[in-house]
Every structure is written in C-alpha cells, then in structure tokens.
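A short write-up of the structure that comes next.
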Amino acid sequence: IITMRIARPFCFEEHGAVSSISTALARGKGQLSSAASPTRATAMGCPSNSLAQNRFLHFQHCEVVYWTMKKRVIILGGGFAGQQAARALAATDADITLLDPSPVATMLPLLPDLAGGWVRETIAYRPLAQRLPRRVHLIPEAATEIHLAAKTVTLRDQTLPFDHLLIATGSTPNLRRMIFPREKIHVLGNLADARRIREEFTAYLQEADAPHILVSGTGYTGLELAVSLLFRAKAAGKKCGLTIVDPNPILLPSLPENH
C-alpha cells in the first residue's frame with residue numbers, strides 16, 4: 001500500500017490519475033480509492049460536491065491511498081513441475097506461495113538406484129527452500145480443500161485466497177484392484193518408498209532360495225528399478241528371476257517411435 005499526502009490541488013479520475021502525480025500512479029496500475037465515492041472523500045476531509053457534476057475530484061491537503069494489485073498465485077506441489085513454475089513466475093511481480101508437506105526436494109530419477117542400494121541417500125534430496133527463489137513463500141503443508149468458486153485453498157489452520165492456482169502434485173499408484181496383499185506391494189514415488197524397497201529386498205535375498213522380482217510398468221522407473229534390483233541380487237550371489245508386466249506391449253512407450 002502506498003500512502004501519499006497531497007500538499008496542493010490535484011485532479012484525479014475515478015479509475016486513475018490524470019494530473020501531475022508520478023507515472024507509478026498512472027492509469028491501469030491500480031485504483032485511487034479516494035476518488036471511488038464521495039463518502040470516502042468526505043471521510044478524509046476532501047470536497048466531494050464535484051463528483052455529482054463530473055467524474056473528477058479536486059483534492060487539497062488530502063491523503064490518497066493507492067493499492068498495488070499483485071496477482072496471488074498458489075502452487076500445489078514442490079516437485080520438478082512446481083519448482084520450475086515457481087522459478088518462472090518469480091520473474092513476474094506475482095505474489096507466489098508454494099505448498100508441499102515435504103521439507104525436501106527429491107531427485108526422483110535417483111530413486112531406483114537408491115532402492116537398489118547403489119547411491120548414498122544424501123545425494124538424492126535437498127531442502128526444498130533452497131531450490132526455490134527467495135521471493136517464493138513456502139508453506140510446508142498439504143491443502144485439505146480447494147474451493148474454485150471462492151478461489152481459496154484451505155490448509156490445516158488457515159485459508160489462502162488466490163487469483164491463479166497451479167496443481168503440480170504428481171500422481172500416486174492405484175492399488176485398488178491389486179490381488180496381492182497390500183503389505184507385499186511396493187510402490188516407488190518418494191524417499192520413504194525407496195528406503196522400504198532397499199531394506200525389505202535385502203532381507204528377502206537373505207531368506208529366499210530362489211528370489212523372483214515382479215515389476216509392474218515398462219516406463220523409465222519400472223525398468224530402472226528392475227535392473228537395479230536384479231544387479232543387487234547378483235552382487236549378493238543370488239540368481240534372481242525377473243518378470244515385467246504392462247498392458248502396453250512396447251517398452252518405454254513414452255519415447256518416440258524412432259527411438
């Protein structure tokens with residue numbers, strides 16, 4: 001909010017300055033609330049009778065309050081997409097808030113190697129705040145409700161208004177139709193998942209005489225995880241079977257056909 005005290009007569013139009021006030025208060029930059037209504041002008045001790053005759057008000061020794069109208073942008077998710085969006089928007093004058101319950105940014109392509117025990121965990125993540133521009137406001141929480149009509153996002157203890165909302169939360173596996181016991185199913189989407197696979201696969205290799213891996217998915221993550229675990233079994237001196245399933249008959253279906 002910019003507050004100015006006028007020491008000599010000025011002329012203002014209802015929706016912008018038309019006199020010798022600086023270009024920062026030019027038309028299109030915001031609203032001059034003093035000229036919005038005679039009630040507001042009278043309350044500030046300014047003459048308002050001219051408003052009934054035309055669109056201009058003449059002020060002398062009056063206080064003018066000027067609101068800068070920044071767009072409020074909320075980003076849900078601090079993954080690759082959310083981080084890149086925050087960097088791009090930081091070059092604008094928007095008020096940017098990013099929500100993510102995780103305090104760290106994870107290098108997702110390293111998760112298969114981490115699950116196989118080939119890399120140190122410390123190189124797979126960094127504090128999320130260090131990955132964002134300083135002018136981005138980070139809130140380490142998840143949204144509980146989104147109200148599109150009201151343009152608000154509800155958190156645990158507060159509600160945030162927005163002008164623009166970017167949802168970049170990624171996806172989670174759908175396990176509803178799996179026939180296997182849930183405790184036997186492993187997903188790979190974050191650091192905790194990679195830790196669980198590494199620990200339980202190491203124990204499995206010690207117990208099983210003929211270990212076998214079943215991987216669902218022929219994308220990058222599925223294939224890299226399968227190879228990572230297969231070589232971990234080989235390093236442990238175990239001959240391990242491997243089955244990869246996917247409704248798509250093509251490996252790496254996201255790649256162009258010429259690749």
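When the side chains of ILVMFWY residues are joined at heavy-atom separations under 4.5 Å, either directly or via intervening members, Val104 and Leu110 end up in a single hydrophobic cluster. Cluster membership for Leu108 and Ile123, using ILVMFWY side-chain heavy atoms within less than 4.5 angstrom, is shared. Tracing side-chain contacts under 4.5 Å through hydrophobic residues (I, L, V, M, F, W, Y), one never reaches Val187 starting from Leu223; they form parts of separate clusters.
From Glu207, atom CD reaches atom OG1 of Thr202 across 11.0 Å, with rounding to the nearest 0.5 Å. Leu229 CG to Trp118 CH2: the interatomic distance, rounded to the nearest 0.5 Å, is 10.0 Å. A distance of 11.0 Å separates CE in Met107 from CG in Asp113, rounded to the nearest 0.5 Å. Going from atom SG of Cys240 over to atom NE2 of His212 covers 7.5 Å, rounded to the nearest 0.5 Å. Considering CD1 of Ile197 and CZ of Arg195, their distance stands at 12.0 Å, rounded to 0.5 Å. The OG atom of Ser216 sits 10.0 Å away from atom CD1 of Ile244, with the distance rounded to the nearest 0.5 Å.
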For this session: Take Val153 and Leu99 through the test side chain to side chain contact (heavy atoms under 4.5 Å, CB included) and record every step on the way to the result.
Result: CA-CA 10 Å; Val153 171; Leu99 307 180; 3.9 Å; yes

For this session: Please test Leu255 against Tyr220 for side chain to side chain contact (heavy atoms under 4.5 Å, CB included), starting from the C-alpha separation and ending with a verdict.
Result: CA-CA 10 Å; Leu255 289 179; Tyr220 280 110; 3.2 Å; yes

For this session: Please test Val136 against Leu138 for side chain to side chain contact (heavy atoms under 4.5 Å, CB included), starting from the C-alpha separation and ending with a verdict.
Result: CA-CA 6 Å; Val136 175; Leu138 173 62; 5.6 Å; no

Exercise. For Met178 and Ile185, what are the C-alpha separation, side-chain angles and deciding distance, and is it a side chain to side chain contact (heavy atoms under 4.5 Å, CB included)?
Worked result: CA-CA 9 Å; Met178 284 288 182; Ile185 300 174; 3.6 Å; yes

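When the salt bridge (Lys or Arg N to Asp or Glu O under 4.0 Å) test is applied to Arg196, the partners found at least two apart in sequence or on another chain are Glu200. Under the side chain to side chain donor-acceptor pair (under 3.5 Å) criterion, Arg131 pairs with Gln83, not counting sequence neighbours. Partners of Thr144 by side chain to side chain donor-acceptor pair (under 3.5 Å), not counting sequence neighbours: none found.
Among all heavy-atom pairs drawn from His147 and Glu145, the shortest one is NE2-OE1, 2.9 Å. Contact record, Ala94 with Val73: CB-CG2, 4.0 Å, taken as the closest heavy-atom pair. Looking at every heavy atom in both residues, Ile96 comes nearest to Arg135 through CD1-NH1, 3.6 Å. What you find for Leu114 and Ala124 is that their closest heavy atoms are CD2-CB, 4.4 Å. When all heavy atoms are compared, the tightest approach of Phe80 to Thr106 is CZ-O, 4.3 Å. Taking all atoms of both residues into account, the shortest heavy-atom contact from Arg182 to Leu175 is NH2-O, 3.6 Å.
Of the residues listed (Asp193, Leu188, Leu225), the one engaging Leu111 in a side chain to side chain contact (heavy atoms under 4.5 Å, CB included) is Leu188, and it is the only one. Test Asp95, Ile139, Leu166, Leu160 against Ile74 for side chain to side chain contact (heavy atoms under 4.5 Å, CB included) and you get one pass: Leu160.
Not one N or O on the side chain of Asp100 forms a donor-acceptor pair closer than 3.5 Å with the backbone of Gly77. In this structure, the side chain of Tyr204 does not engage the main chain of Glu199 through any donor-acceptor pair within 3.5 Å. A donor-acceptor contact shorter than 3.5 Å links the side chain of Arg232 to the backbone of Gly116.
Considering only heavy atoms from C-beta on, Leu214 comes within 4.5 Å of Val245 through its side chain. The closest side-chain heavy-atom distance from Ile75 to Leu165 is not below 4.5 Å. Counting only heavy atoms from C-beta outward, the side chains of Leu242 and Val215 approach each other to under 4.5 Å. Under the 4.5 Å side-chain criterion, counting only non-hydrogen atoms from C-beta, Lys151 is not in contact with Pro161. The closest side-chain heavy-atom distance from Arg72 to Thr97 is not below 4.5 Å. At least one side-chain heavy atom of Ile213 sits less than 4.5 Å from a side-chain heavy atom of Phe201. Pro211 has its side chain within reach of Lys238: a pair of non-hydrogen atoms, C-beta onward, lies under 4.5 Å apart. Taking 4.5 Å as the limit, every side-chain heavy atom of His137 sits out of range of all side-chain heavy atoms of Leu98.
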